[in-house]
Amino acid sequence: MEVYYGRPLREDGRLQKEIAVYDLLDSLSISYDRVDHQAMMTIAQCEEVDKSLGISICKNLFLCNQQKTKFYLLLMPGMKKFVTKEVCKLIPSPRLSFANETYMEEFLNITPGSVSIMGLMNDKENRVKLLIDREVAEAEYLGCHPCINTSSLKMKTTDVLERFLPAVGHEYQILDIPSHA
């Protein structure tokens, strides 16, 4: 898998939402490495990408409360187990479940398998609250998709937290999600 620095030289065949990610990152002077690959729907499929970029791509879970009035994007280490009741206690929320893909597309302009922190650039009304596991927030690099799961990016986590998120008008909450053996 070949690693490229920055945006693709040719944009034909790429979705506009992917190009918009590169445009925004470039306008913020956020540097990034990129690999292009087949569509990857699971963390397990991302192992080769992880090795190529020298990172661990995190889980990106799109969640909502039972009433579908509060929505969350949770970033956590790929190999950490998601236990709903533990996250519910931390935020607090009585019940969380995976949000319907209709909301994912409406709020973040992304589809299942492509969930990414980059989708927050499309959430102009701040309908999605960002939750980040401490391990992800404290890692040197963050791996994510550019709103499509046929490419993956590696960026400094501090650039994402201190430049990208303020630029798109989003704050975040750090969670200490327990690890399970």
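Note: hydrogens, waters and symmetry copies are ignored here, and every other heavy atom, side chains too, is used.
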Keeping [X] on the side-chain end and [Y] on the backbone end, is there a donor-acceptor pair under 3.5 Å?
{"X": "Asp123", "Y": "Val128", "answer": "yes"}
{"X": "His145", "Y": "Ser116", "answer": "no"}
{"X": "Lys154", "Y": "Leu53", "answer": "yes"}
{"X": "Tyr32", "Y": "Arg7", "answer": "yes"}

Report the distance from atom [atom1] of [X] to atom [atom2] of [Y], rounding to the nearest 0.5 Å.
{"X": "Gln66", "Y": "Ser93", "atom1": "CD", "atom2": "OG", "value": "9.0 Å"}
{"X": "Lys129", "Y": "Cys64", "atom1": "NZ", "atom2": "SG", "value": "15.5 Å"}
{"X": "Leu25", "Y": "Arg163", "atom1": "CG", "atom2": "CZ", "value": "9.5 Å"}

Testing the basics here: between [X] and [Y], what is the closest heavy-atom pair and its distance to 0.1 Å?
{"X": "Val3", "Y": "Ser52", "value": "CG2-O, 3.4 Å"}
{"X": "Thr111", "Y": "Met104", "value": "C-SD, 3.5 Å"}
{"X": "Pro8", "Y": "Arg34", "value": "CA-NH2, 3.2 Å"}

Report task. Please tell me if the side chains of Ser179 and Glu135 come closer than 4.5 Å, counting only heavy atoms from C-beta onward. Result -> yes
**Report entry** Centroid-centroid under 6.0 Å between Tyr103 and Phe62 rings
**Finding:** no
Is any side-chain N of the basic residue among [X] and [Y] closer than 4.0 Å to the acidic one's carboxylate O?
{"X": "Asp133", "Y": "Lys59", "value": "no"}
{"X": "Arg14", "Y": "Asp36", "value": "yes"}
{"X": "Glu106", "Y": "Arg127", "value": "yes"}

Query raised in the report: Hey, mind stepping through Leu75 and Tyr172 against side chain to side chain contact (heavy atoms under 4.5 Å, CB included) and telling me if it holds?
Result: CA-CA 10 Å; Leu75 278 57; Tyr172 59 95; over 6 Å; no
Query raised in the report: Can you list the steps and then say if Leu15 with Ile19 is a side chain to side chain contact (heavy atoms under 4.5 Å, CB included)?
Result: CA-CA 7 Å; Leu15 298 176; Ile19 300 306; over 6 Å; no
Requested in this report: For a side-chain contact (heavy atoms from CB on, under 4.5 Å) with Val160, tell me which candidate from Ile117, Ile30, Ile132 qualifies.
Outcome: Ile117
**Report entry** Crowding at NZ, Lys70 (>12 non-hydrogen neighbours, <6.0 Å)
**Finding:** no
Query raised in the report: What do the steps show when you test Val115 against Leu73 for side chain to side chain contact (heavy atoms under 4.5 Å, CB included), and what is the final call?
Result: CA-CA 9 Å; Val115 179; Leu73 176 61; 3.4 Å; yes
Query - Residues that Asn65 engages under side-chain hydrogen bond (donor to acceptor under 3.5 Å, both in side chains), provided they are two or more places apart - result: Gln67, Thr69
Report task. Show the numbers, then the answer: is there a side chain to side chain contact (heavy atoms under 4.5 Å, CB included) between Leu153 and Leu142? Result -> CA-CA 8 Å; Leu153 307 177; Leu142 178 74; over 6 Å; no
Query raised in the report: In the hydrophobic clustering (ILVMFWY, side-chain contacts below 4.5 Å, transitive), which residues join Tyr72, or is it alone?
Result: Leu61, Leu63, Leu74, Met76, Phe82, Val87, Leu90, Ile91, Leu96, Phe98, Leu131, Leu175, Ile177
Query raised in the report: For residues Asp159 and Tyr141, is any side-chain donor paired with an opposing acceptor at under 3.5 Å?
Result: no
Query raised in the report: Strictly by modelled atom types, are His37 and Ser152 linked by a side-chain donor-acceptor pair under 3.5 Å?
Result: yes
